Colleague: 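Before anything else, here's the structure in question.
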There are 2 protein chains.
Amino acid sequence: MMQPMTLEAITDPRPYHHGDLRRALVDAAARILEREGPSALSLRAVAREAGVSPAAPYHHFKDKGELLDAVAHVGWDALGEAMNQAVANARDVHEHMTELGVAYVCFSQRHPALYRVMYDCSRDRDSLPEGMADNDDSAYCMVRETFRKSAGPDVTDLDVELATIAAWCTAHGLAEMSGFAQFAPLKRALGGDEAFLRGVLSHLGAFARRIPPQA
Amino acid sequence: MMQPMTLEAITDPRPYHHGDLRRALVDAAARILEREGPSALSLRAVAREAGVSPAAPYHHFKDKGELLDAVAHVGWDALGEAMNQAVANARDVHEHMTELGVAYVCFSQRHPALYRVMYDCSRDRDSLPEGMADNDDSAYCMVRETFRKSAGPDVTDLDVELATIAAWCTAHGLAEMSGFAQFAPLKRALGGDEAFLRGVLSHLGAFARRIPPQA
DNA sequence: CGTCCGATCTGGACAATGCTTAGATAGCAG
DNA sequence: CTGCTATCTAAGCATTGTCCAGATCGGACG
């Protein structure tokens, strides 16, 4: 809200005696993530990157998980912003859903390590990731609102919720799997990553048509 | 070198010095997974569980990752079997797709730790998990075959492949997310986990209808 | 039957990690 | 200046993945 949600690793040289370390740590973590991937993201490495002792982070985060949570939160904000952008660029309402899906998966491909952290740190908690659905601009809520706006009067809130979950699950699955090397030939045949993405999304119908509407 | 490069193509019943340790290690790992979850699955814990020294596994697996691969392979075989079962129980062909999806997600909920390992160890490799699509009975190939059989004559192989990927991604997304606590009220309203599952799957159409068929 | 070789396992060691505790230091209120 | 609190460091602990030097067992060969 107050801070710009960009991912750029800005080496913000705040020459306070001991500057805003909390912020510096999150930035350092994001920098390591983009540079070396999730497996290199140790608490000690983050401290090293930020130029402090290995124990310093513990004065700002309860444990490693809480640091990861903060990093993930930044990621969700950035995702939400990217999806907002995508909707803003769409010409009419019926394109919104497509553009949201494309923006979602593209984001996950541009920041694979961040995306992984976003989900990983919530998997162990059995609850939705922090920042994913916290406010109206958050990614999940945008999808739901898009559904609600394009829904007819006979569509219940429950229907909207279920449809949102379905769409979200599909996008998430695509985000995690579209990087597999086995899909490279397919992508080439279709003419690029985004074409592949749209191709898969367009085949959702073929799947759905074989599922009877509710039991 | 003397062993076939394809992972345990055949169960080699070679009672070694201390028995078939390789198999014992995989079993021990699976046992720990079900009992204590993925975070407790250390190489040393596996060795402890199997009653051998911490260095013993290195005579059967190059590193921890290779052990995990073997565990995941067992998991994919089990998933394939569960899906085979589901198809066998379906009354007509048009139910196959639904039952496959249900079987997939149910498996992931019955063995959450195993399911996580199945994907985790392939994520770092950027290729499809071993055992996922290796033979005709494997999970992925079953979905593709179901699509092929129920497809009209005008459907190309590429279409079948894309539809398979779409269905797979959706199921995977559902498998990973349906455990989130936020969905509990929804599940209760619908009358249980499986009803929730079918509910979400049935709303795939609502999503797809808003996506224009191919660019 | 005995000898030897190689596959299998042990014990010990190393660096790295998450985390804790005790002590140092800086900024600020009085 | 004095004292308090938040912040940071240094040192240490248990655990982890991995490697290495030997011990040991199984089976092939003579």
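Just so you know, these numbers come straight off a predicted model, no measurement behind them. Below, read A as the first sequence line, B as the second, and so on, with proteins coming before strands; counting in each chain starts at 1.
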Colleague: What is the per-nucleotide protein-contact pattern of nucleotides 11-16 of chain C, from the 5' end, where B denotes a base atom under 4.0 Å from a protein heavy atom, S denotes such proximity for sugar-phosphate atoms only, and - denotes neither?
Modeller: B-B---
Colleague: Would you list the pairs meeting salt bridge (charged side-chain N to carboxylate O under 4.0 Å, His left out) in which at least one residue belongs to residues 132-141 of chain B, sequence neighbours left out?
Modeller: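 Sorted result for residues 132-141 of chain B: empty, none.
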Colleague: I need the CG-C1' distance between A:D20 and D:dT7, as an integer number of Å.
Modeller: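 Atom CG in A:D20 sits about 13 Å away from atom C1' in D:dT7.
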Colleague: What pairs with A:Y140 under ring-ring contact (aromatic ring centres under 6.0 Å, His included), at least two apart in sequence or on another chain?
Modeller: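 Partners of A:Y140 by the ring-ring contact (aromatic ring centres under 6.0 Å, His included) criterion, ordered by chain and then number, come out as A:W168.
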Colleague: Using the side chain to side chain donor-acceptor pair (under 3.5 Å) rule, take A:D159 and A:T156 through it: C-alpha gap first, then chi angles, then the decisive distance, then the call.
Modeller: CA-CA 5 Å; A:D159 281 330; A:T156 68; 3.3 Å; yes
Colleague: In residues 57-67 of chain A, what residues come within less than 4.0 Å of DNA chain D, judged by heavy atoms?
Modeller: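 Correct list: A:H59, A:H60.
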Colleague: What is the separation between atom CG on A:L43 and atom P on D:dC8, rounded to the nearest whole Å?
Modeller: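 My rounded result for the distance is 14 Å.
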Colleague: Please list all pairs passing the ring-ring contact (aromatic ring centres under 6.0 Å, His included) test where one or both residues lie in residues 31-56 of chain B, with sequence neighbours left out.
Modeller: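 Of all non-adjacent pairs touching residues 31-56 of chain B, none passes ring-ring contact (aromatic ring centres under 6.0 Å, His included).
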Colleague: Please report, to 0.1 Å, the donor-acceptor pairs under 3.5 Å made by any side chain of residues 34-43 of chain B, with sequence neighbours excluded.
Modeller:
| residue | atom | partner | partner atom | Å |
| --- | --- | --- | --- | --- |
| B:E34 | OE2 | B:H111 | ND1 | 3.1 |
| B:R35 | NH2 | B:E49 | OE1 | 2.9 |
| B:R35 | NH2 | B:E49 | OE2 | 2.9 |
| B:S42 | OG | B:A45 | N | 3.0 |

Colleague: Tell me the ring-ring contact (aromatic ring centres under 6.0 Å, His included) pairs involving residues 61-90 of chain A, sequence neighbours left out?
Modeller: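 Residue pairs passing ring-ring contact (aromatic ring centres under 6.0 Å, His included), neighbours aside: A:W76-A:Y119.
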Colleague: For the pair made of CG in A:L21 and C1' in C:dT25, what is the distance, rounded to whole Å?
Modeller: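 Rounded to the whole Å, the gap is 15 Å.
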Colleague: Would you mind listing every salt bridge (charged side-chain N to carboxylate O under 4.0 Å, His left out) that reaches into residues 62-73 of chain A, with sequence neighbours excluded?
Modeller: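 Salt bridge (charged side-chain N to carboxylate O under 4.0 Å, His left out) check on residues 62-73 of chain A returns A:D69-A:R125.
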Colleague: Going by the ring-ring contact (aromatic ring centres under 6.0 Å, His included) test, which pairs reach into residues 36-59 of chain B, not counting sequence neighbours?
Modeller: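 Passing the test, one end in residues 36-59 of chain B: no pairs.
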